[in-house]
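Beneath this line is the structure, given in structure tokens, with notes to follow.
One is the number of the first residue; the rest follow in order along the sequence. Worth knowing before you read on, the calculation uses all heavy atoms, side chains too, and leaves out hydrogens, waters and symmetry mates. Because the structure is predicted, anything quoted here is derived from the model rather than measured.
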Amino acid sequence: WQSWRADGAMAGTSGQSKRLEAIEIDLTGEMASHYDIYYRVHIQDIGWQSWVKNGETAGTTGQSKRLEAIEIVFVEKGSNGPTSTSN
């Protein structure tokens with residue numbers, strides 16, 4: 001894993017032909033006190049994974065499966081998060 005990135009800094013690699021396999025996203029500061037961040041990923045040969053939130057791991061590790069899409073949703077604290085697994 002790489003260290004956490006913030007404020008528009010690039011995560012991953014550029015020009016090295018390496019795939020992104022998993023991500024973790026978390027809110028900080030004022031946003032973290034008002035919102036949860038939910039996200040899910042579509043994985044090569046697997047499809048959409050279930051929703052995770054607030055820094056949990058989405059994707060695979062050690063399987064060489066690339067992330068093909070990422071969906072991100074902000075939800076007010078105390079509200080229900082997304083549950084759909086449809087495309």
Side-chain angles (χ1 to χ4, degrees):
W1 283 94
Q2 294 182 340
S3 60
W4 286 90
R5 302 294 197 266
D7 301 325
M10 186 187 80
T13 61
S14 179
Q16 297 181 31
S17 299
K18 294 183 178 180
R19 63 185 73 214
L20 191 65
E21 288 187 62
I23 60 166
E24 296 174 344
I25 303 172
D26 208 3
L27 297 174
T28 60
E30 186 69 19
M31 291 290 289
S33 64
H34 297 286
Y35 295 95
D36 289 316
I37 186 163
Y38 285 81
Y39 46 99
R40 67 180 183 158
V41 296
H42 188 277
I43 302 171
Q44 169 191 4
D45 298 327
I46 295 175
W48 285 105
Q49 282 194 319
S50 298
W51 290 95
V52 297
K53 71 175 187 171
N54 300 336
E56 296 175 335
T57 302
T60 62
T61 55
Q63 296 183 34
S64 296
K65 300 285 187 184
R66 71 179 172 269
L67 298 186
E68 296 182 325
I70 303 169
E71 185 174 8
I72 302 170
V73 177
F74 291 91
V75 176
E76 286 188 56
K77 290 272 186 196
S79 299
N80 292 330
T83 57
S84 172
T85 57
S86 66
N87 295 354

Residues R19 and E21 bridged, charged N to O under 4.0 Å: no
Other residues, nucleotides and ligands only: do more than 12 of their heavy atoms fall within 6.0 Å of NZ on K77? yes
Of all heavy-atom pairs between [X] and [Y], which one has the smallest distance, and what is that distance?
{"X": "E24", "Y": "W4", "answer": "O-CZ3, 3.4 Å"}
{"X": "Y38", "Y": "G81", "answer": "CZ-CA, 3.5 Å"}
{"X": "A58", "Y": "V52", "answer": "CB-CG2, 3.7 Å"}
{"X": "V41", "Y": "G59", "answer": "CG2-N, 3.6 Å"}

So do the side chains of I72 and I37 get within less than 4.5 Å of each other, counting heavy atoms only? yes
Quick check for you: to the nearest 0.5 Å, what is the distance between S79 atom OG and F74 atom CZ? 14.5 Å
CD (E76) and OH (Y35) are apart, to the nearest 0.5 Å, by 5.0 Å
Given the rule that I, L, V, M, F, W and Y join up when any side-chain heavy atoms are under 4.5 Å apart, are L67 and I25 in one cluster? yes
Going hydrophobic residue to hydrophobic residue with side-chain gaps under 4.5 angstrom, can you get from M31 over to I23? yes
R5 (side chain) donor-acceptor with M10 (main chain) under 3.5 angstrom: yes
Test side chain to side chain contact (heavy atoms under 4.5 Å, CB included), reference D36, set D26, N54, V73, L27, output is N54
